[in-house]
Structures are given as structure tokens and as C-alpha cells.
Amino acid sequence: MTIQRTSEALYALVDCNNYYCSCERVFNPRLEGRPLVVLSSNDGCAVARSQEAKDLGVKMGTPWFQLQDLVRRHRLVGLSSNYTLYGDMSARVVQVLSQFSPDYEAYSIDESFLRVDQMRLLWPSFTAMGKAIRMRVRQWTGIPVCVGLAPTRTLAKLANHIAKKNPQFGGVFDLTAYPSVDLDILLSSIDVGEVWGVGRRIAEKLHGMGIHTVQDLRRTSPKMIRAHFSVVMERTVTELQGTPCMDLEDVAPAKKQIISSKSFGAMVASQEELMEALATYVSRAAEKLRAQDSVCGMLQVFIHTNQFRPNDPQYSNAVTIPLPYPTSDTRELTSAAAMALKAIFKNGFLFKKCGVMLLDISPAGTIQRSLFDAVEENARHSAAIMSVLDGLNTRFGRDTVKVAAAGTAQRWIARAENKSQCFTTRWTELPKAIAN
DNA sequence: TCTGGGGTCCTAGGACCC
DNA sequence: TCTGGGGTCCTAGGACCC
């Protein structure tokens, strides 16, 4: 089966090997050659493993306390994570990669896509270019990477997987340069669950349908897949067949939601302690929000007891509340979070985790924003508010203004422009409404 | 004793509108 | 008053990614 070339695109996926572990080794070369894991916050479980640790059978997410045997028998090292370091190193890697193509996208902290077809004339082959990328990133940052090359992003991910698993390719695999008969054989040996976009559930379902390998999935009709799954999977199969369905995003799009949450080292029982933690998360999330010059219109707070203690009483809950107007102000968000927490908190439980999620994110400084600024600045003077509302009244009609006075500003704007109605609860009465 | 912290997109179903 | 069809918006939940 040949890869259909419906366009001339060629993507390189550059993926750092065992990324967090590699970062740690750059700054502590004595860790070279030793089995190594990087642990989650609170040193709870392994979130990254060196090749030696993988060879010892350490799985992603294994709790640290279950690894103590390997610590004794194989001198397995566990390090607390240092996300600031990994973020800095990532920026350096991307900086090097940007020299190879102006068309690049940092997809995650340890992976970047480059569109490289325009670079064809600069290199004897794309494999040669891939080797140059590997060498330069290694020399300039100390991080080992693998490179996969293919006409679509899904295939480039797969090519990268092949480069990683097959040392004979020297860390670079150009899928378009590989004989198609051999490629069929190679892809017949890879489980369908390795495909980007195929997780555990979908893999199980595919197996049930007799689709076991990547090659099986490539031979399946996208329309048939659409009928059994979703458009996402349809695109995945189309990409596997060589037709690009996704483009590089040249600028990182603004976040549509921002989460900040954490598990506690020790369990927490009181609302006051939960609120202390929440205040930290809110301020962290608000910083991210402001960094992308956005405001949010809704805020969600969630709390969980320890699900790994089935004998303890379990309780988890979440509530999403609309804000009176879109904001990124830490104080305002914190007071909203306090109200939300009050609405869902229950005594008599030991809480393990809580967090905040900012939703309904939009760019700051829109025309809607200026309307609300007017209300905000005059917040102490009801006469001034009434005059603003009168202005809105003239603009959008009397019924809408009643809603604006009683509802949330964000919702009101959205609805008013649709000339439909909206009944939400008054901001000050939210806790009561939530309780009902 | 000890079990991560972020994100994205899609779908289904209900409320509501004309 | 009864009725249907088409449309939008919102939410919850499920799947995936690193």
C-alpha cells in the first residue's frame, strides 16, 4: 500500500527522549546510565522514566512506594520534578529547531512539528536533515531527540515512534523514503493503539472489530470509521492514508480554559484550609489568564476526597458560577471561588484534592468589556448604574435591560445580541440558587 | 503511610426561540 | 388553542493528548 501524496507537505515530528529525565541528566551527568524516574508533585508517582527504568519494567504513573524494591535492588533514582527547568530547556530546544524551518509548532513541552518540504533543496535527503537536527539539538542543549518524517502529522508521529523503537534507523525515520512493501510489513507489526488519537477505549473497540494493527486501520474506510466512531477518528484514518487534515498552528492559540489544581500531601478537612489552597491556585490561574491578555466569564471550583481510600467516606463535587462581568482580577476571582467553595463544601470529609478552572475565556479589552467597566467604575452609585442601564435599554430594548440588571453581564451581552431572553440568578443570590 | 496536573475536541440532550 | 420543524446555546460527559 502506497502513501497517497495529495499534497507536497512533509512534516517532521521532533520528540525529546525521556524528556524530564534527560533534562535532569544535563545538569547531573552522574545520572547517566542509571535507572531514573522523575516524580509528580508530593513525590507521589513516576511521571517520567529513563530508558533503564523502562527496561526494569517501571510503568508510567507507578506510585513511588511501589518502586522501593527497585531502589534497593537496582539503585533506581527518584527525583522531585522541576517544571521550571523543563520549561526553560524546552524553549532552548525549540529555538534550535526554529533554525531548520520557519514553519514550526511547539506541540507540547517535549515535541515540536516542523513543516520541512520547502527545505528540500538544502539537504541531500530528509533523513540527512533529520540527523542534522538530532546532532545540533544534542550539541546545543544536551537533549537527545528522535525525528519522524511523513506527509501528515499523524504519520509523522508514527514515524517518530518507529525511529524510537528501532535503533537501526539511528533515531530518524523518513516514512516516504522507505519501500512501500517493507512499510506494509512494518506497520503490520505495530498495534493500532500506538496511533495518535487512538487511546485505550478506542483500541479495544477496534480490536473487537478485527482491526489490530496500524496496517489494518490504514486499510479501513474513513467513512466506515466515521459511522462507528467520530469525525476525529475519521480524520485520523484519512491522515494515516496520507491526506493531511490538520495544519500547523503558527501562533499558539489562546487557552480556552485554565486549570490550577493539586493533590495535598496531607488530607484537609476544613473549609478554611481548602480556601487557603484555592487562593493560591486562583492567583496562579489568574496570572496565566493575564499573561495571554484574556478575561474569563465563568469559574469552576472542584473538591475531591481520596478515591484511593475506598473505606473512607467519599464526596466530590464541583460548581461552575458565572461572574458578574468578565475579569482577570485575582481578588474578584478569589471571592467568587470562596462563594463557590461555600456552596459545595461539606463537613465530615477528608479532602485530598481541590482546584479551580477558569472558563468562558475571551480577549480582554473588547467593546463588551468597556460597557462593564462603566458599570464597575460606578459600582457605588446606583444612580450611575441606572443611567448605564438606561443606555442599554435604549440600545437593546426594555426586556433585555431587566435581564441585564438581574443576570450576569457576560450572558446578557451574548443573549441581547441574539434578541432572546435570559433568566439567570442575581449575583448576590448565587449561593442560595446553587443550594437549591 | 505513599497514587500527577494540566489541556483539547466531540456528542448528546435539554431549554428555548421563531 | 394546537402543532411541527429548524435552529441556537448550554451543559455534562466521554474520549483523547502530553
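Every heavy atom of this structure was used, including side-chain atoms; hydrogens, water molecules and symmetry mates were not.
At a threshold of 4.0 Å, the pair A/R200-A/E204 counts as salt-bridged, since one of the basic side-chain nitrogens sits closer than that to a carboxylate oxygen.
Note on A/S230: every side-chain N or O is 4.0 Å or more away from OP1 and OP2 of B/dT11. Dashed line: the shortest gap from a side-chain N or O of A/K262 to OP1 or OP2 of B/dT3 is not under 4.0 Å. Between B/dT1 and A/R309, no contact under 4.0 Å exists linking OP1 or OP2 to a side-chain N or O. For the OP1/OP2 pair of C/dC17 and a distance below 4.0 Å, the side-chain nitrogens and oxygens of A/R200 include no atom meeting the criterion. The phosphate of B/dC9 (OP1 or OP2) has a side-chain N or O of A/K256 nearer than 4.0 angstrom.
Nucleic acid contact for A/D110: sugar-phosphate only, since backbone atoms but no base atoms lie under 4.0 Å from a heavy atom of the residue. Residue A/V195 is classed as a sugar-phosphate contact, given heavy-atom separations below 4.0 Å to backbone atoms only. Among the protein residues, A/I258 comes within range of the sugar-phosphate backbone only, with heavy atoms under 4.0 Å from sugar or phosphate atoms but none that close to a base. Within 4.0 Å (heavy atoms only), A/S260 reaches sugar-phosphate atoms of the nucleic acid but no base atom. Among the atoms of the strands shown, none is found under 4.0 Å from any heavy atom of A/Q307. Residue-level contact check: A/R153 touches neither bases nor backbone, having no heavy atom under 4.0 Å from any strand. Within the 4.0 angstrom heavy-atom criterion, no nucleotide atom of any strand lies near A/K59. Residue contacts for A/K205: at a heavy-atom cut-off of 4.0 Å it reaches no nucleic acid atom on any strand shown.
Side-chain proximity of A/V47 to C/dA15, B/dG4, B/dT11: nearest is B/dG4. The side chain of A/W196 lies closest to C/dC17, out of B/dC10, B/dG5, C/dC17. Counting only heavy atoms from C-beta on, A/I202 has its side chain closest to C/dA15 among B/dG5, C/dA15, B/dG4. In the set B/dT8, B/dC10, B/dT3, the nucleotide with an atom closest to the side chain of A/N306 is B/dT3. The listed nucleotides are B/dC9, B/dT8, C/dA15; the one nearest the side chain of A/R235 is B/dC9. Each of C/dC18, B/dT3, B/dC10 was ranked by its minimum atom distance to the side chain of A/E111; first place goes to C/dC18. With B/dC10, B/dG4, C/dC18 as the candidates, the nucleotide lying closest to the side chain of A/S40 is B/dG4. Closest to the side chain of A/K353, out of B/dG5, C/dC17, B/dG6, is B/dG5. Closest to the side chain of A/K288, from the set B/dG7, B/dT3, C/dC18, is B/dG7. The A/S261 side chain lies nearest to B/dG5 when the options are B/dC10, B/dG7, B/dG5.
Distance check on atom C1': B/dC2 versus C/dC18 gives 24 Å, rounded to whole Å.
When the P atom of B/dT8 is taken as reference, atom CD1 of A/I361 falls 8 Å away, rounded to whole Å. Look at CE on A/M357: it is 9 Å from P on B/dG7, rounded to the nearest Å. Protein atom CD of A/Q300 is 16 Å distant from nucleotide atom P of B/dG5, rounded to whole Å. Between the C1' atom of B/dG5 and the CZ atom of A/R284 lies a distance of 10 Å, rounded to the nearest Å. Counting to the nearest Å, the C1' atom of C/dC16 and the CD1 atom of A/I225 are 16 Å from each other. Atom CD1 of A/I303 and atom C1' of B/dG5 are 19 Å apart (whole Å). Look at OH on A/Y281: it is 18 Å from C1' on B/dG7, rounded to the nearest Å. Rounded to a whole Å, the CD atom of A/Q257 is 10 Å from the C1' atom of B/dG6.
Comparing A/M267 and A/K255 along DNA chain B, the residue whose closest nucleotide (by nearest heavy atom) sits nearer the 5' end is A/M267. Mapping A/A254 and A/G44 onto DNA chain B by nearest heavy atom places A/G44 closer to the 5' end of the strand.
Within the 4.5 Å cutoff, the side chain of A/L76 has no heavy atoms near those of the A/L36 side chain. At least one side-chain heavy atom of A/Y281 sits under 4.5 Å from a side-chain heavy atom of A/C354.
The minimum heavy-atom distance between A/S260 and A/A285, with the atom names listed, is CB-CB, 4.1 Å. Contact record, A/L31 with A/V77: CD2-CG1, 4.2 Å, taken as the closest heavy-atom pair.
Judged by Watson-Crick or G-U wobble contacts below 3.5 Å, the nucleotide B/dC18 has C/dG5 as its partner.
Cation-pi geometry between A/K205 and A/F229 is satisfied (NZ or CZ under 6.0 Å from the ring centre, within 45° of the ring normal).
Checking each of A/E287, A/R290, A/R284 against A/T330 for a side chain to side chain donor-acceptor pair (under 3.5 Å) leaves exactly one that passes, namely A/R290.
For an aromatic pair to be called close, the ring centres must be under 6.0 Å apart, and A/F113 with A/W196 satisfies this.
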